[in-house]
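Shown next, in structure tokens, is the structure this report addresses.
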Amino acid sequence: MEENVKKELDTIKEMVLRWRESYLGWATSDGGNDYLIEEFSEEISTHVSPLVRRLFETNHLSLYEHHEFMESCYNQLNELRDLIKEKEAETQQPKRGVHA
């Protein structure tokens with residue numbers, strides 16, 4: 001893979017990670033956060049997928065590299081889902097400490 005293509009993919013990966021963190025920041029502790037997963041998925045499908053597909057179509061990426069990269073992006077959906085569940089679970093646990 002050419003160095004400039006690698007840099008482009010690194011930039012896209014960083015963007016996806018920033019999006020994940022932003023969506024996590026919007027999650028509420030009381031649930032109802034499924035829409036965040038859907039919107040994050042849409043961001044990847046709308047913005048990332050066409051760019052990476054174009055790199056493949058112009059022979060800058062192999063089919064394997066294309067699939068590998070897209071899989072890593074979509075794995076961030078699972079990461080976000082898990083992080084949101086953790087955030088929701090933390091607030092639902094009874095607090096320990098001083099009893100009134």
Side-chain angles (χ1 to χ4, degrees):
M1 177 184 318
E2 297 173 23
E3 186 62 31
N4 60 335
V5 175
K6 185 176 177 349
K7 285 181 182 180
E8 181 72 18
L9 292 177
D10 288 344
T11 300
I12 294 170
K13 189 178 286 189
E14 283 296 317
M15 180 177 64
V16 170
L17 291 173
R18 277 190 234 115
W19 287 345
R20 186 193 73 192
E21 292 306 310
S22 292
Y23 282 106
L24 179 60
W26 295 330
T28 61
S29 59
D30 57 353
N33 295 302
D34 291 340
Y35 76 98
L36 295 172
I37 305 297
E38 292 171 23
E39 288 186 19
F40 185 35
S41 178
E42 192 173 316
E43 292 268 24
I44 293 169
S45 296
T46 302
H47 301 291
V48 175
S49 186
L51 290 172
V52 178
R53 183 176 54 245
R54 187 71 179 142
L55 288 171
F56 167 69
E57 290 170 347
T58 58
N59 297 318
H60 288 93
L61 290 178
S62 69
L63 182 60
Y64 175 79
E65 291 167 330
H66 173 268
H67 286 296
E68 183 102 346
F69 187 81
M70 289 309 302
E71 183 177 339
S72 73
C73 290
Y74 282 110
N75 280 338
Q76 293 306 313
L77 287 170
N78 296 328
E79 291 277 331
L80 179 61
R81 183 178 290 114
D82 292 345
L83 290 167
I84 288 173
K85 284 180 183 178
E86 286 176 20
K87 186 174 187 176
E88 292 171 351
E90 286 174 5
T91 58
Q92 293 175 0
Q93 294 176 359
K95 293 184 179 181
R96 297 179 184 177
V98 179
H99 295 284

Euclidean distance, E68 CD relative to L9 CG, rounded to 0.5 Å = 11.5 Å
CZ of F69 to OG of S49: how many Å apart, nearest 0.5 Å?
-> 10.5 Å
NZ of K87 to CG of D30: how many Å apart, nearest 0.5 Å?
-> 10.5 Å
When rounded to the nearest 0.5 Å, the distance separating CE of M15 from SG of C73 is 8.0 Å
Look at the side chain of S41 and the backbone N and O of I37, then say whether any donor-acceptor pair between them is shorter than 3.5 Å.
-> no
For H60 and E65, which heavy atoms make the closest approach, and how far apart are they?
-> O-OE1, 4.3 Å
Atom pair CD1/CD1 of I12 and I44 - distance to nearest 0.5 Å | 11.5 Å
For S72, the side chain to side chain donor-acceptor pair (under 3.5 Å) test, sequence neighbours excluded, returns none
Quick one: salt bridge (charged side-chain N to carboxylate O under 4.0 Å, His left out) pairs with a partner in residues 8-19, sequence neighbours left out?
-> K6-D10
Residue pair R20 / L83, side-chain heavy-atom distance below 4.5 Å | yes
Could you tell me which residues satisfy side chain to side chain contact (heavy atoms under 4.5 Å, CB included) with E39, sequence neighbours excluded, listed by chain and number?
-> Y23, Y35
What orientation do F40 and W19 show, parallel under 30°, tilted 30 to 60°, or perpendicular over 60°?
-> perpendicular
More than 12 foreign heavy atoms under 6.0 Å from CD of E42: is that the case here?
-> no
Rounded to the nearest 0.5 angstrom, the NE2-CD distance for H66 and E57 is 8.0 Å
Close side-chain approach of V48 to M70, heavy-atom, < 4.5 Å = yes
Pair N4-K7, side-chain contact (heavy atoms from CB on, under 4.5 Å): steps then yes or no | CA-CA 5 Å; N4 60 335; K7 285 181 182 180; 5.6 Å; no
Validation row: E88, I84 side chains within 4.5 angstrom (heavy atoms) = yes
Is a side-chain donor or acceptor of T58 paired with a backbone partner of L55 at a separation under 3.5 angstrom?
-> yes
Same cluster for V5 and V16 if Ile/Leu/Val/Met/Phe/Trp/Tyr side chains link at under 4.5 Å?
-> yes
Measure the shortest side-chain to side-chain distance between D82 and E79 over non-hydrogen atoms and say whether it is less than 4.5 angstrom.
-> no
On a heavy-atom basis, the closest approach of S45 and P50 is O-CD, 3.3 Å
